[in-house]
Amino acid sequence: MGGGGKPLGDSVFAGHAAAGAAAISASAVAVHPLDTVKTLLQLSATGSKQMGLGQVVDRLMSASGPAGFYSGIGWSISGKLPGLGARFGTYELLTAFYKDGREDNYVSYSEAMLAGIAAGAVESVFCTPFELLKLRSQVGSVKPMKAAGPANITKETFPLLSKLLPGYVPDIRVWNSTVSLLSNLSPKHPDMMGALKQHPWMLTGSGKPPLPSDVQVPSRVIALEGWGALWKGLRPGITRDCVFGGMFFSTWQFIHTAMLTWSAVNMNPQPGKLEEAGPVSPFASSLAAGFSGVVAAAASHTFDTAKSRSECTVIPKYIAMERRLLKWKAPGTWIERKTGISPADRNVLFHGVGLRMARSGVASFVLVGSYYFVVDQFL
């Protein structure tokens with residue numbers, strides 16, 4: 001059949017893409033309970049008062065039962081499919097550029113780290129909206145019962161507020177205090193109080209935003225916080241994924257080279273090139289990936305905590321607009337402002353590091369192992 005080579009090539013590519021998708025889904029499902037508990041530990045820490053692992057698990061079980069451990073699993077898989085595809089795709093493209101023109105396929109550790117840093121930045125851009133929605137679903141799994149009163153008060157007393165700031169709960173006492181202060185002025189407007197209620201920036205100072213668990217679907221996030229909120233936490237996210245990608249791929253390359261060198265030492269005659277001592281077994285490669293994930297998670301955990309706590313903060317778009325108009329400057333040192341770390345979180349940045357190391361190690365092991373298994377069985 002003429003042109004039979006192209007469909008074959010397309011089928012091989014599609015097969016590997018399907019194997020990658022299956023591996024990503026398997027790894028996400030395997031570690032999502034660890035990720036949920038890790039996230040809740042990070043968010044529950046407030047200065048010297050920190051909830052323990054047992055307290056978080058008990059609260060999660062009492063609020064949602066076992067199903068709570070898998071809150072946000074759909075958003076997690078939806079984000080990891082393009083995110084990990086972008087990470088490994090960018091890494092392969094950059095390392096192919098490094099190896100172009102060389103006699104062997106060797107990539108130095110520094111080259112692997114630089115390629116991993118670039119790959120992590122690309123991954124973060126793809127994953128951030130999905131991670132925001134996943135995190136707020138996880139927070140919703142432990143939320144307390146919500147009172148029904150304030151919503152009715154908002155619709156009746158502040159009709160514009162319910163449209164422009166959905167879910168925002170005004171503080172009637174603070175609003176009445178503001179009215180009493182303004183009542184001493186000579187009003188030139190026939191309905192000053194009614195006019196003030198038409199300005200959301202006047203109302204935002206007399207209330208509190210809804211809980212993150214109440215703003216966990218895309219439509220509500222966009223309506224209350226604006227389109228830009230979908231990429232909230234992008235700055236600490238890029239820093240986290242750059243550090244993770246650089247450490248992961250450089251450590252994996254180091255272990256891979258060490259295993260090939262060990263195999264070459266025991267070969268007779270000695271191979272002329274290092275890759276001739278391979279390939280490394282799938283199980284050994286999976287173990288190397290798992291260990292690399294543990295190291296990378298430990299190195300990048302502080303930025304993961306900063307990202308999680310940033311995404312858990314609900315900032316209505318009118319308050320964000322007010323900060324831009326006033327040229328509000330974020331507090332903290334230069335490195336904290338550039339990486340998105342809040343000074344208030346300095347004492348809690350390492351909270352949950354053990355769970356994240358375990359999650360990343362298991363996820364990397366399952367990801368690589370299941371990919372090799374699917375390729376070996378079906379391709």
Side-chain angles (χ1 to χ4, degrees), residues 28 31-61 63-64 68-73 75-76 79-80 83 120 124 127-144 209 211-216 229 231-244 247 293-315 330 332 335-336 339-363:
V31 301
H32 196 76
L34 288 174
D35 184 75
T36 299
V37 177
K38 182 269 302 181
T39 300
L40 297 177
L41 274 174
Q42 290 173 321
L43 301 179
S44 65
T46 55
S48 58
K49 185 179 179 181
Q50 300 179 0
M51 293 181 65
L53 177 63
Q55 293 175 299
V56 170
V57 173
D58 289 342
R59 182 171 177 180
L60 179 63
M61 288 292 294
S64 303
F69 289 100
Y70 282 94
S71 298
I73 181 64
W75 293 119
S76 178
K80 287 182 182 299
S124 185
C127 286
T128 296
F130 299 97
E131 290 188 347
L132 171 79
L133 300 171
K134 178 205 72 172
L135 179 139
R136 294 191 175 180
S137 296
Q138 291 172 328
V139 174
S141 64
V142 293
K143 72 174 180 178
L211 296 172
S213 55
D214 296 328
V215 193
Q216 57 177 282
W231 278 270
K232 181 179 291 185
L234 181 61
R235 186 170 295 182
I238 287 180
T239 309
R240 178 201 67 181
D241 291 337
C242 285
V243 173
F244 185 94
M247 293 299 297
V294 171
V295 174
S300 61
H301 182 74
T302 55
F303 306 108
D304 181 72
T305 302
K307 178 179 174 67
S308 296
R309 295 177 74 87
S310 174
E311 290 177 333
C312 191
T313 305
V314 178
I315 302 178
I335 189 67
E336 287 175 334
T339 57
I341 296 176
S342 172
D345 298 336
R346 290 171 183 169
N347 296 329
V348 300
L349 291 177
F350 285 98
H351 209 52
V353 62
L355 281 174
R356 183 162 182 262
M357 291 169 65
R359 184 195 71 86
S360 297
V362 174

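Residues forming a salt bridge (charged side-chain N to carboxylate O under 4.0 Å, His left out) with Lys80 (at least two apart in sequence, or on another chain): none. Listed by chain and residue number, Phe244, Arg356, Met357, Ser360 satisfy the side-chain contact (heavy atoms from CB on, under 4.5 Å) test with Ala297 (two or more places apart in sequence, or in another chain).
In this structure, CZ in Phe350 is found 8.0 Å from NE2 in His301, a value given to the nearest 0.5 Å. Of the inter-residue distances, the one linking Ser44 atom OG with Leu53 atom CG reads 10.0 Å to the nearest 0.5 angstrom. Of the inter-residue distances, the one linking Ile341 atom CD1 with Ser310 atom OG reads 11.0 Å to the nearest 0.5 angstrom. Within the model, atoms CZ of Phe303 and CG of Asp241 stand 11.5 Å from one another, a figure rounded to the nearest 0.5 Å. Taken to the nearest 0.5 Å, the CG atom of Leu234 stands 10.5 Å off from the CZ atom of Arg240. One distance of note links NE2 of His32 with OG1 of Thr36; it measures 3.5 Å at 0.5 Å rounding.
Side-chain atoms of Ser71 and Gln138 include no donor-acceptor pair closer than 3.5 Å.
Of the candidates Ser342, Pro236, Pro343, Pro343 is the only one forming a side chain to side chain contact (heavy atoms under 4.5 Å, CB included) with Glu336.
With hydrogens and angles ignored, the 3.5 Å screen pairs no side-chain donor or acceptor of Lys307 with any backbone N or O of Thr302. Panel note: side chain Glu311, backbone Ser308; no donor-acceptor pair is recorded below 3.5 Å.
The minimum heavy-atom distance linking Ala306 with Leu349 is given by the pair N-CD2, 4.4 Å. Shown here for Ser76 and Lys134, the closest heavy-atom pair between the two residues is CB-CD, 3.8 Å. When every heavy atom of Gly237 is checked against every heavy atom of Ser124, the shortest pair comes out as C-OG, 3.2 Å. Nearest heavy-atom pair, Gly361 versus Val294, reported as atom, atom and distance to 0.1 Å: CA-CG2, 3.7 Å.
Arg309 is listed as a side-chain neighbour of Val348, based on a closest heavy-atom distance under 4.5 Å. Inter-residue side-chain proximity for Thr305 and Asp345 is flagged as unmet; no heavy-atom pair is nearer than 4.5 Å. Taking 4.5 Å as the limit, every side-chain heavy atom of Leu355 sits out of range of all side-chain heavy atoms of Asp35. With contacts defined as side-chain heavy-atom distances shorter than 4.5 Å, the pair Trp75/Ser137 qualifies. With a 4.5 Å cut-off on side-chain heavy atoms, Val142 and Ser64 do not count as touching. Put simply, the side chain of Val37 does not reach to within 4.5 Å of the side chain of Thr39, judged on heavy atoms. Ser300 is not listed as a side-chain neighbour of Asp304, based on a closest heavy-atom distance of 4.5 Å or more. Side-chain contact between Val215 and Arg136 is present, with heavy atoms from C-beta onward closer than 4.5 Å.
We find that Lys232 and Glu131 are not joined by a salt bridge, their nearest charged nitrogen and carboxylate oxygen being 4.0 Å or further apart.
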